[in-house]
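Below is one structure, written out as structure tokens, with a few remarks after it.
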Amino acid sequence: MGDWERLRSNLAGLGNVMVAFSGGTDSSLLAWVAHDVLGERATAVTAVSPSLARAERDDCASLAAEWGLQWREVQTAEMGQAAYVANDGDRCYWCKDALMDAVTPLASDLSAVVALGVNTDDLGDHRPGQRAAAERGAVFPLVDAGFSKADVREWSRRLGLRTWDKPAAPCLASRIPYGTPVTLGALASVGDAEAALRRLGFAELRVRHYGDLARIEVPEARLADVVARRAEVVDAMRQAGYRYATLDLEGLRSGNLNSALGKAVDIGLSPPRR
């Protein structure tokens with residue numbers, strides 16, 4: 001298990017903290033603990049952009065109200081960066097770079113350290129955004145206290161946080177294959193398609209964007225349910241702007257588009273080219 005007392009002690013030692021709060025399990029636990037330890041010296045900030053599903057933004061507002069967090073929103077401008085829109089293997093670098101551009105001035109005004117909800121399991125995947133945040137002075141309290149994803153969920157459950165079993169919901173841009181430009185239209189289609197499937201009862205899913213084709217991923221145990229509701233699913237995809245709807249028989253695999261990067265990924269510490 002992650003070291004709970006070390007997490008609290010580390011946060012206390014930071015003084016003022018600004019938590020990048022997406023509403024996911026990791027950042028929710030971090031925001032809750034920071035508030036519990038630091039009170040008014042902890043602020044949760046949610047980055048709002050076209051790649052954030054509306055439902056996730058609304059859940060951040062609800063959680064902040066439920067827990068009494070000091071919460072604010074900030075607009076990020078990653079869509080204005082050609083390197084982000086190009087969507088190569090370093091897209092996430094430029095996303096976090098834009099986040100830090102927006103959050104750093106706010107944190108500076110409060111003499112606060114920016115903290116991200118990264119856990120130890122995240123260290124084993126292709127996550128260039130972590131490098132971008134670290135280069136800009138962000139800290140990762142969950143990693144420093146040895147928290148895995150399972151630890152985050154277990155401590156959240158113990159604390160009675162409703163986010164303890166919340167399905168992962170990465171940004172909408174992660175549904176677009178590397179090499180395909182990130183556009184407002186693509187993000188809107190993905191967001192609309194996933195929202196429609198959730199209304200049909202599919203809580204865990206991804207809709208991968210391939211032009212006019214939507215590739216749907218759900219857990220293997222739910223594959224038959226998608227087929228059983230085929231007509232509704234197809235209609236939902238068409239309403240979202242897709243001509244074709246396909247079901248991935250391998251099931252839901254978080255981050256599976258990273259496999260296409262192969263060995264060409266630069267995982268060094270130098271920033272990618274703009």
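If you chain together hydrophobic residues whose side chains sit under 4.5 Å apart, Val37 and Phe21 fall into the same group. Put simply, Val226 and Leu200 are part of the same group of oily side chains (I, L, V, M, F, W, Y) that touch within less than 4.5 Å, one to the next. Residue Val103 is not grouped with residue Val48 when hydrophobic side chains (ILVMFWY) are merged at heavy-atom distances under 4.5 angstrom, including chains of intermediate members. Residues Trp4 and Val152 share a single hydrophobic cluster, defined by chaining ILVMFWY side chains whose heavy atoms lie under 4.5 Å apart. In the hydrophobic clustering of ILVMFWY residues, with side-chain heavy atoms under 4.5 Å counting as a link, Leu69 and Trp164 come out apart.
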- Query: Can you list the steps and then say if Arg153 with Thr25 is a side chain to side chain donor-acceptor pair (under 3.5 Å)?
  - Reply: CA-CA 7 Å; Arg153 291 195 182 279; Thr25 304; 3.3 Å; yes
- Apply side chain to side chain donor-acceptor pair (under 3.5 Å) to the pair Ser22 and Glu56, showing each step before the final yes or no. CA-CA 7 Å; Ser22 67; Glu56 293 303 309; over 6 Å; no
- Task: Could you check Thr76 against Asp101 for side chain to side chain contact (heavy atoms under 4.5 Å, CB included), going step by step and ending with a plain yes or no?
- Result: CA-CA 8 Å; Thr76 57; Asp101 280 344; over 6 Å; no
- Task: For Asp90 and Arg131, run salt bridge (charged side-chain N to carboxylate O under 4.0 Å, His left out): C-alpha distance rounded to whole Å, both residues' side-chain angles, the deciding distance at 0.1 Å, then the answer.
- Result: CA-CA 10 Å; Asp90 285 311; Arg131 173 160 46 94; 3.6 Å; yes
- Message: If you apply the rule salt bridge (charged side-chain N to carboxylate O under 4.0 Å, His left out), what do you find for Arg162 with Asp59, and how did you get there?
- Response: CA-CA 11 Å; Arg162 64 174 173 85; Asp59 200 32; 2.9 Å; yes
- Can Leu52 and Leu172 be said to form a side chain to side chain contact (heavy atoms under 4.5 Å, CB included), step by step? CA-CA 6 Å; Leu52 178 70; Leu172 298 177; over 6 Å; no
- Message: For a salt bridge (charged side-chain N to carboxylate O under 4.0 Å, His left out) check, start with the C-alpha distance between Arg215 and Glu217, then their side-chain angles and the critical distance, and finish with the verdict.
- Response: CA-CA 7 Å; Arg215 178 164 62 80; Glu217 295 180 16; 2.9 Å; yes
- Task: Give the intermediate values and the outcome of salt bridge (charged side-chain N to carboxylate O under 4.0 Å, His left out) for residues Arg206 and Asp248.
- Result: CA-CA 10 Å; Arg206 302 284 188 276; Asp248 191 324; over 6 Å; no
- Query: Are Gln130 and Tyr93 close enough, and set up right, to give a side chain to side chain donor-acceptor pair (under 3.5 Å), and what steps lead you there?
  - Reply: CA-CA 7 Å; Gln130 296 171 14; Tyr93 182 98; over 6 Å; no
- Chi angles and distances behind the side chain to side chain contact (heavy atoms under 4.5 Å, CB included) call for Arg72, Leu106: CA-CA 10 Å; Arg72 61 188 302 175; Leu106 305 179; 3.7 Å; yes
- Message: Checking Leu116 against Ser27 for the side chain to side chain contact (heavy atoms under 4.5 Å, CB included) test, could you report, in this order, the C-alpha distance in whole Å, the side-chain angles of both residues, the deciding distance, and whether it holds?
- Response: CA-CA 7 Å; Leu116 272 61; Ser27 67; over 6 Å; no
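Distance alone, capped at 3.5 Å, places no donor-acceptor pair between the Glu204 side chain and the Pro167 backbone. Here the side chain of Lys149 pairs no donor or acceptor atom with the backbone of Thr120 at under 3.5 angstrom. The backbone N or O of Ser174 lies less than 3.5 Å from a partner atom in the side chain of Arg208, making a donor-acceptor pair. One N or O on the side chain of Ser62 and one on the backbone of Asp58 form a donor-acceptor pair closer than 3.5 Å. Side chain of Asp151 to backbone of Ser148: a donor-acceptor contact under 3.5 angstrom is found. A donor-acceptor pair under 3.5 Å is formed between the side chain of Asn16 and the backbone N or O of Leu110.
Atom CZ of residue Arg41 and atom NE2 of residue His35 lie 12.5 Å apart, to the nearest 0.5 angstrom. Summarising the geometry, atom OH belonging to Tyr178 is positioned 9.0 Å from atom CG belonging to Asp88; distances are rounded to the nearest 0.5 Å. To the nearest 0.5 angstrom, Leu7 atom CG is 9.0 Å from Asp144 atom CG. Going from atom OH of Tyr84 over to atom CG of Asp97 covers 12.5 Å, rounded to the nearest 0.5 Å. With rounding to the nearest 0.5 angstrom, the CG atom of Asn10 is 14.0 Å from the CZ atom of Phe140.
Under the rule for a salt bridge (Lys or Arg N to Asp or Glu O under 4.0 Å), the partners of Asp36 that lie at least two apart in sequence or sit in another chain are Arg8. Residues passing the salt bridge (Lys or Arg N to Asp or Glu O under 4.0 Å) test with Glu220, sequence neighbours excluded: none. Taking Leu161 as the reference, Leu29, Trp32, Trp67, Ser156, Leu159, Thr163 meet the side-chain contact (heavy atoms from CB on, under 4.5 Å) condition, with sequence neighbours excluded. Evaluation of the salt bridge (Lys or Arg N to Asp or Glu O under 4.0 Å) rule for Asp225 yields Arg222 as partners, not counting sequence neighbours. Considering only residues two or more places apart in sequence or on other chains, Asp3 meets the side-chain contact (heavy atoms from CB on, under 4.5 Å) condition with Glu5, Arg6.
At a threshold of 4.0 Å, the pair Asp165-Arg157 does not count as salt-bridged, since none of the basic side-chain nitrogens sits closer than that to a carboxylate oxygen.
Phe147 and Trp155 have tilted rings, their planes meeting at an angle from 30° to 60° on a 0 to 90° scale.
Side-chain atoms of Asp26 and Asn119 form a donor-acceptor pair, as typed in the model, at a separation below 3.5 Å. Checked by atom type, the side-chain pair Glu78/Ser49 shows a donor-acceptor distance below 3.5 Å. Judged by distance alone, the side chains of Trp71 and Thr43 never bring a donor and an acceptor atom under 3.5 Å apart.
Using a 4.5 Å heavy-atom threshold, the side chains of Val143 and Leu123 count as touching. Counting heavy atoms from C-beta outward, Val182 and Ile176 have side chains that approach closer than 4.5 Å. A 4.5 Å side-chain heavy-atom check between Leu197 and Val233 finds at least one atom pair inside the cut-off. Leu99 places none of its side-chain heavy atoms less than 4.5 Å from the side chain of Trp94.
Other residues, nucleotides and ligands place no more than 12 heavy atoms under 6.0 Å from the CZ atom of Arg243.
Listed by first then second residue, pairs satisfying side-chain hydrogen bond (donor to acceptor under 3.5 Å, both in side chains) with a partner in residues 185-195 read Arg175-Glu194, not counting sequence neighbours.
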